[in-house]
Amino acid sequence: MSNASETIQKRSSYRLPTHRGERIRLAPHQMSPDPKDKDAVRRWLEERPRPWAIDLFCGAGGLSLGLEEEGFSVVAAADADQVATETHAANIHGLTWTGDLSDPSEFIRQLDDWGIEEVDLLAGGPPCQPFSTAGMSKIGDLVRRGDRSPRDERADLWRSFFAIVDRLNPRAMLFENVPNFAQAQGGALLIALLDELKGRGYGAHVEVLEAWRYRVPQHRSRLFVIGIAEEGNFEWPKPIKGRPTVGQVIGDLPVVEAGVRDEVQGYKGPPESVLGRLLRKGLTHPESQLIRDHVTRSVRPDDAEIYKLLKPGGTYMDVPEHLRRYRSDTFSDKYLRLSFEDLSRTITAHIAKDGYWYIHPREDRTLSIREAARIQTFPDRFRFAGQPSNRYRQIGNAVPPLLASAIASAVKDALEDRIPVAGTTGRQPKSVGHLRDNLSRWFGQSKRDFPWRRLRLSPWQILLLEMCLHRTKAEQVARVADKLLSLGETPDSFLSNSRDLAPVLSSLGLHWRSVNLASAAEFVRDRLAGEVPDNWQELTAIPGVGDYIASAVLCFAFGRPSVLMDTNTVRIARRLLGSSDQPNWQLRLALHKLAGPRGADVEWNQALLDLGALVCTARAPKCGECPIRAYCKTGTEMS
DNA sequence: GTCCCGATGA
DNA sequence: TCATCGGGAC
């Protein structure tokens, strides 16, 4: 008996019947005007206190709720998902619009209709699946197999932001996304966003915040970009003391079995924590006796057996061999039982698909909808529209309201100009221009001479060279450069002439690269019509091409300013800033800033690479010869 | 709605 | 090693 047939048998005998849950419908907020009644809207707007905010890609309204709690009037919100806007309209005192924001003109027309001509804050988080780590894995896989175009239109949604920014001229802008947004397109997307902001006179601030530092009991971290008009002052919210736990937010909810579909239940006792009390706030009698959405999924009998064996914090690795249905090498975290004493795994939209990452700490079932909402710090008075899986998705996609509150409060302070000038961050030091000048002058005199810098090369030849240069000493590659370049300007000519290339590369210890080069050449020839692409997505689809090579080709072959991140440039950035713990994306932003108005162009990148090879070497850097020593924290300390 | 599937960055 | 506002087949 083979393993495969065994697995199939298990599947068929335990699969649960499909069960569609109740579709909850919610009436709009009592105080909101009828969106179709222009006069009512106009009268209502006159009464709405400042500051005003608009929430784009609002979803259920986690961000809106935080803004509202901190005193913003969320006068309008937009999202493509009708059920999410139904939730938003029911819970947030404001106008809601359902529609596609990839073309913002329709929403702008609606704003005109309502008479909303300017707001204080434009906020929102475009869909992040294209940027998230989990999404990248799947999308990358599909692109490589040719099942999907490498361009993901959703990645362009943030551009809609600026069409609306230009229409409303907000005093502040808030952009929320997954941390991986900082890596998207080799970091170029974030840099483009910041440049768009600066071009409009906003001071731009970027940070990745961990939700648990703001009372949200999850590992969730999110990237925020804040733009403040006229370079006004802004300070990130200070973390709140202590570490919240899952127990604090769901410990007081009544015990329910798996598969319980009762939409309305009674509380069993008082809240058991400060946080629990906060989440029950605002329940009005007689609603305060009732709890909504505490409904659970059914559990397969074989899963139930596994859940019983899992202790809090337990994962797939703790499941006995004979009960495992999945590969354990790649799915070590297939199951996770949460712990009352710890943070939860991030509540993502995935919770709408299955609950294996969200097994209740004590009960042998996955989280109820209300428990997921609680862990996202939605208060119990917040209701969700739609069928169960849709409600889970809305919750997973939301900005946790308490995190939203923290940010909202910081933005409000900035709008009211309550930040001391000394706290100013994110401004360019006055000396940046000189740093670039000094480096350019040094580069003019000391640059290294390589064959590829003297010749005019085709994009394919540049791609070929960069694939060889990556993680290799340039002098090494210089010895085979003539041979490489003689193979012709196209992948076609490369493939027909490269038979005797392998021994040459092998002699330099670069054997594996000849295989890589050949498969890259075949890919470009067969799948890209022989043309080296000029965009990041298609470049990185080429086998063997990662962030660095893609950025290098964009810069050196197509003249597109790109910050190159390799061991040399990263080392220089770390030494300049005098810090060892900054993540790569911050170093990239720092280098982008230091490159000055001309950007990280060919000269800048070559100069940095040469500086790293000749002066700012890994061991025994020659700080005495360094042209930018005056701007370097490490270099000045060493003197 | 339910089940199964994996690459990526720090 | 850890964690992931994920996705498609059925």
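Proteins get letters first, then strands, A, B, ... in listed order; numbering begins at 1 in each. No hydrogens, no waters, no symmetry mates; every other heavy atom, side chains included, goes into these values. Keep in mind that this is a model prediction, so the values were computed, not measured.
- Regarding contacts with the backbone of dC5(C), every side-chain N or O of R220(A) stays at 4.0 angstrom or more from both OP1 and OP2.
- Counting only heavy atoms from C-beta on, Q387(A) has its side chain closest to dG1(B) among dA3(C), dG6(C), dG1(B).
- Side-chain atoms of E341(A) and T245(A) form no donor-acceptor pair, as typed in the model, at a separation below 3.5 Å.
- The base of dC5(C) sits within donor-acceptor range of the side chain of R222(A), with an N or O pair under 3.5 Å.
- Taking atom CD on E210(A) and atom P on dA3(C), their separation rounds to 13 Å, with Å as the unit.
- Distance from the side chain of T348(A) is smallest to dG6(C) among dG9(B), dG6(C), dT2(B).
- Of the candidate nucleotides dC3(B), dG6(B), dA10(B), dC3(B) has the atom lying nearest to any side-chain atom of R15(A).
- Contact check, R297(A) against dT2(B): a side-chain N or O comes under 4.0 Å of OP1 or OP2.
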Check: In dot-bracket, 5' to 3', how would DNA chain B read with Watson-Crick or G-U wobble pairs under 3.5 Å, [ ] for crossing ones and | for pairs to another strand?
Finding: |||||.||||
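- Comparing W585(A) and G21(A) by the nucleotide of DNA chain B whose heavy atom lies nearest to each, the residue mapping closer to the 5' end is G21(A).
- Between Q376(A) and the phosphate of dC5(C), there is no side-chain N or O to OP1/OP2 separation shorter than 4.0 Å.
- Closest to the side chain of V178(A), out of dC3(B), dC5(C), dA3(C), is dC5(C).
- Among dG8(C), dG6(C), dA3(C), the nucleotide with an atom closest to any side-chain atom of A349(A) is dG6(C).
- If you check every strand for non-hydrogen atoms under 4.0 Å, H19(A) touches sugar and phosphate atoms only.
- Here the nucleotide nearest the side chain of R345(A), chosen from dA3(C), dC4(B), dT2(B), is dA3(C).
- Considering only side-chain N and O atoms, N177(A) lies nowhere under 4.0 angstrom from the phosphate OP1 or OP2 of dC5(C).
- Judged as a side-chain contact (heavy atoms from CB on, under 4.5 Å), and not counting sequence neighbours, the contacts of A590(A) are L577(A).
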